[in-house]
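Reviewing the structure listed below.
Order of listing sets the numbers, starting from 1, for every ligand and every atom in it.
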Amino acid sequence: MRKLAALLLALLLLSGLSGCAVRQEAEEKPALVVGFSQLGAESSWRIANTASVEAAARDFGYGLMMENANQKQEKQIDAIRSFIAYRVDVIVFSPIVETGWENVLTEARQAGIPVILVDRMIDAAQDDLYTAYVGADFYAEGRRAGEYLIRKADAEGLAHLRIAEICGTPDSTPMRDRQRGFADALAGDPRFEIIESVNGDFLRSKGEECMASLLDKYGPDGIDVVYSHNDSMTLGVLDVLEREGIAPARDILLITVDGEKEAVNALKAGRINCVVQCTPDLGGDVMRLVQALKNGQEVPRVTHPKESAFSDLDDLTDPSVEGF
Ligand code: GZL
């Protein structure tokens, strides 16, 4: 009986201490507050990116005010204005499109609040309105997609490949640069023809609609390759192809970008030919820049994560071939 009483007493003391510790934490203000305007939740990539920023803020002990704009630029502008009014220490945002930010970012500069772009850029004309960019080199991603197709054509003696391109959100950095990098990689090679580029807005549902209308227009024998700017749209493409009895990666080659688990698993299962990586895990790089800014240190203007590509021409049993 005495042992039980001692145990209960110990538990009470521990809970009392921990309660005190929690109260103490609750009274501690975060070292710094970051205002984060996220553009939406349109894809697995975006959801993983949000989680990465939230986790990194926690790891650094920074307060995070996050506003999700649900794909509306005006909501991002409102969020940034609220961060300015709240006088956050740093503004981090992923601009849904490259244009239309001059006024609100000028207000942030006038308020003396540094702005870090994550994942997407703004128009170069406003270069002086942000301090740093953390995100992919989308042009390089597009080139990797094109360079895979050249390797594939070389390896299998393919000629005159008619390519349908399903693009991401118009005027967004990943859409513009994945398109440009891909076209530049193939430029001058007569084996490749981009027959049409359509907007799938990075959404699975629109990727499905695009693929259905492309098949209506060209027929299954009129398309040799689909180059899709993200995995969400590619999963919509797979739904349509397999519903129509078309063997993806065989009847029509499939190249996608992001590298989420479901796409990499489809690659390993022979349903996709190439997955170009685009890591969503940018939170750590962002918060290291925030910390450097807080300490008055210089920060790099551009921080690109390391990225690669996986394809059916590689050893897919390699442990590095995995999705996020
Ligand atoms: C790329 C990111 C894109 C992803 C899509 O960094 O901006 O937006 O490729 C996401 O999945 O919707």
May I ask you to check whether Tyr227 and Gln179 show a side-chain donor-acceptor distance below 3.5 Å?
no
With atom 12 (O) of ligand 1 as the reference point, say which of Glu260, Glu42, Met233 has the nearest heavy atom.
Glu42
Note the single closest protein heavy atom to atom 8 (O) of ligand 1, along with its residue, its atom name and the distance in Å.
Arg120 NH2, 2.8 Å
Tell me the closest heavy-atom pair linking Val237 and Gly207, and the distance in Å.
CG2-O, 4.0 Å
Does any donor atom in the side chain of Glu67 or Ser37 lie under 3.5 Å from an acceptor atom in the other side chain?
no
Parallel under 30°, tilted from 30 to 60°, perpendicular over 60°: which one fits the rings of Phe202 and His229?
tilted
Of all the atoms in ligand 1, which lie at a distance below 4.0 Å from a heavy atom belonging to Asp119?
1 (C), 2 (C), 6 (O), 7 (O)
For Ser308 and Gln277, which I'm curious about, is there any donor-acceptor pair between the side chains at under 3.5 Å?
no
Hey, which atoms in ligand 1 end up nearer than 4.0 Å to a heavy atom of Pro174?
7 (O)
I'd like to know whether ligand 1 has Ser232 as a neighbour, heavy-atom separation below 4.0 Å.
no
Can you check whether Ser43 has an N/O within less than 3.5 Å of an N/O in ligand 1?
yes
Just checking, any donor-acceptor pair under 3.5 angstrom between side chains of Tyr139 and Arg143?
yes
Sub-4.0 Å heavy-atom contact, Val257 with ligand 1
no
